Every structure is written in C-alpha cells, then in structure tokens.
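A short worksheet on the structure shown next.
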Amino acid sequence: MIQRCIQCDTTYPLDQVIFTCERCQCVLEIAVDAASLSGVKLSGRGVWRYAPFLPVDVKHRVSLDEGGTGFHDCPTLGKAFGIDRLFVKNEGENPTCSFKDRGMTVGVTKAIEMNAVAVACASTGNTAASLAAYAGRAGLKAIVLVPGGKVAMGKIAQSVVHGAQIAQIAQVEGNFDDAMRVVQELSADTGSVYLLNSINPFRLEGQKTLAFEVCEALGDAPDALVLPMGNAGNISAIWKGFREFKEAGFTTKLPRMIGVQAEGAAPIANVVNEGASDCYVANPETVATAIRIGAPVNWQKAVAAIRDSGGLAATVSDDEILAAQRELAQREGLFVEPASAAPIAYLKKHGIDAGTVVCVTTGHGLKDPDAVLRVAPPIVQVKPTVSSLREALKL
Ligand code: AN7
C-alpha cells in the first residue's frame, strides 16, 4: 500500500505525514491492491475483521470494538416510500455513537505508529467525541476546535468527559470551515500534533469497512446507498470500500451512491447539479449541525464517487429533516440525529428506483436532544391521580 494523490497520481510512502499533494495540492488516498486480497480470510467482527484491507498493523490497534453496527430491515418505511427492500445501517450503535469511530480506530492506531504525542481535529461534534475517546484509550493528548454555539451538547459532553483540550471559535468570528483551516495550520507547524480530520486518508480506510459489512450482510452490494454529506469523507470512503470488495472478488456489483445535504449547506449538490466551479458556501446554516459545513475538504472524492457510481447529490430542508427523524423513530424504533435523518428525508420526498436500498444513519439521536425538544409540544402537567392523567391524555 502507498499514499497517492487522487488528481495527479504522485505517490508518497505510508510513513510520510502529508495530507495534500506537494505537486497539485489535491487530497490523497491509500492505494490498495485489492485484487491481491482475493480469497483472503476475514475473521472476527467489526472494523478489524477487515485488517488485510487496512494500512496499519493490527498488532498496534487502538480499539473500542467499533463497527459491527445494526443492519435494520425497515419494511414499514420501505413500503411507505415505495422501496422493495430498505435497510438502515445504524452507525449510532458505535462506541461513541457515530460512524467516526470506524475511522478513529485506524487513525489513532496510525498516530501511535507515527509516535505522535497529540492528535487534533476541527469538528462539528462527532469527530471530536470520537477523537477524545480513542486518544484517551491510547494515552495521547486530544486537541479539539469547534465552532461556537452550534455544536450539539451531547457531543461537547463526550469530548469533555474523555479529557480533550477543547476550544471554540466565537460564532461571529468563524464556523467549522475556519476551525478546519486553523487545525490544519497547527498540525503543519507542530510536528508532534497528528491531524485526524477526514482529510487524513488513514481515517477514511477505517470508514470504508461499512461497505464491507453491508456486502456481507446482503450477500452482495446493494443497488443504492444513501447517506448524509458534510466534509464528504464518508461517502468517499464507503465508495472506495465497495470498489475494493468487488476487486477482491467478494461482490459482483457496485451501488449508486446518493449523497444528501441540507439546503442551507449544500456546496457539493451545487457542484454536481448546477456545475458550480467552487465547492463553497459562505455561511452554511442547518438544524443538522453535524453537516453545517461550507467548504468540504473531500469534495473532489465525493463528486467522483457520485459520478462514477451513477448516483446523485440532493438537498432536503430542515423541516423535512426533522419530520423524517420523527418518522424513523416512530415507525421503525430508530432514534438518529438530524444529519442522519437527511437521507431518510430524501427517500421520503423522492422515492428511488432501486430494489435494495441501504440508508446510512451516521449518529445517535441522543447526541442532540435539543433538536427534538425545541420543536416538540410541551409535556402536560397532571395531578398524581388516574382521573387527572385520563383527562390530560384523553385516555
Ligand atoms: C452525524 O464531526 O464533520 O461527509 O466534525 O457527524 O464524512 O463529513 C461530522 C460529520 C454525517 C458528515 N453525519 O460526514 C465532524 C463532522 C453525522 C456527522 C456527517 C457528520 P462526512
């Protein structure tokens, strides 16, 4: 395996700490000779089941038993949306309750292999929570920079309890995109601070294992996979996983990749659907704060995943997101955070012409209880008597 620029193919050794190509400044990926893994034996469960596909040594692994998340058949919503077979791959069932753990177990393992002293990220919340937990487990210092005001409280609490050094940028002075720029500069200046945003291609290698699990659960790849996009690392990683599993002979087909953004933060949809030349939105805004991102670092990878797979990029409104969140919770028993409800909102709105559809719900609903309670009716007050209860709830 080797690091390779996705644009000009310049290669860099695995032990070089580098995140953008020296020649053309584009992002890098880990080139894996998946054909050579044909027939390889997979054992155990979760992310490390797929160790032969990963660019770190399993002996050094820093793990909290991530991956192996629930794969839920959702017949009620499938029927309502006109989909033959709808499954939800519920990434909120990871150790810190988001998909970031798949990437972080590999990323922090890489940090240990590189003798890092500290790891850092900019975050809309989930990356920070995951980084903090894995850094704690590994005995590394965690440095986290978040945009002020708009990060869900559960995610901040996780970062704090796991012992991260956390700072926020005042809301008027900057958003996630500014935080991203600052931590990139910090890690470039400070050799011992290892950057673990999804611009780090090692992290994405962990996240690609979701594709492997879906393929093993179904016996082949699905027809379409739908997921939210923010910095666009996950769609890129999962698409890479599907391609590698097919190249290694484990599957016969590839899914269409459908990336969903919130209307107020849709730079990738603008590029794919309107031919915008810059992948940039100046003031991203959405109730789905996890994907409140205007300058996604992996946009070229995401656009390639969408185009090469015959997929699409779509947008949904905040109201549609919140309605889909309630519908998934009430009809299938799955409570996901607003960003994770975006793909459900897309399916509800547009349906899809595909037999087997997998929707990736990226984070747990308890991360952000405020988003639910802000729009919920107040809870009625009753006296401690049955008659009062009957009257209040019309029983
Ligand atoms: C629940 O934590 O960017 O498109 O800093 O938390 O791979 O960025 C979170 C992103 C979707 C988007 N769903 O994933 C962060 C951060 C949830 C998320 C995304 C995020 P990418």
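Not measured: the values here are computed from a predicted model. Both counts, for ligands and for their atoms, begin at 1 and track the order of listing.
Which parts of ligand 1 touch Asn126 is read off a 4.0 Å heavy-atom cut-off, strictly below it: atoms 1 (C), 2 (O), 6 (O), 17 (C), 18 (C). Against a heavy-atom cut-off of under 4.0 Å, Thr127 is close to the following atoms of ligand 1: 2 (O), 5 (O), 15 (C), 16 (C). Remark: ligand 1 atoms within the under-4.0 Å shell around heavy atoms of Glu337 are 1 (C).
Ligand 1 lies less than 4.0 angstrom from a heavy atom belonging to Ala232. In this structure, Pro228 has a heavy atom closer than 4.0 Å to ligand 1. Ile235 does not count as a contact of ligand 1, since none of its heavy atoms falls under 4.0 Å from the ligand.
Of all the heavy atoms of Lys100, the ones lying under 4.0 Å from any atom of ligand 1 belong exclusively to the side chain. With a 4.0 Å heavy-atom cut-off, ligand 1 is reached by no atom of Asn197. Neither the backbone nor the side chain of Asn298 comes within contact range of ligand 1; no heavy atom lies under 4.0 Å.
Ligand 1 has no nitrogen or oxygen under 3.5 angstrom from a nitrogen or oxygen of Gln207. Residue-to-ligand polar distances place Gly233 within reach of ligand 1: an N/O pair is separated by less than 3.5 Å. Residue contacts with ligand 1: Ser198 is placed with no nitrogen or oxygen under 3.5 Å of a nitrogen or oxygen of the ligand (distance criterion only). The distance criterion of under 3.5 Å between nitrogen or oxygen atoms is not met by Ser340 with respect to ligand 1.
Using bins of under 30°, 30° to 60° and over 60° for the plane-to-plane angle, the ring pair Phe335/His364 lands in the perpendicular bin. Under the 30°/60° scheme for interplanar angles, the aromatic rings of Phe212 and Phe53 are found to be tilted.
The pair Lys240-Glu29 does not meet the salt-bridge criterion, since no charged nitrogen lies less than 4.0 angstrom from a carboxylate oxygen. Of the charged side-chain nitrogens involved, none lies within less than 4.0 Å of a carboxylate oxygen, so that Glu247 and Arg243 do not count as a salt-bridged pair. A salt bridge does not link Lys100 to Glu91: none of the charged side-chain nitrogens sits closer than 4.0 Å to a carboxylate oxygen.
The local environment of CD in Gln16 is crowded, with over 12 non-hydrogen atoms from other residues, nucleotides or ligands closer than 6.0 Å. Crowding of Asn283 atom CG: a count of heavy atoms from other residues, nucleotides or ligands under 6.0 Å not exceeding 12.
By the 4.5 Å heavy-atom criterion applied to side chains, Thr124 and Ile291 are not counted as neighbours.
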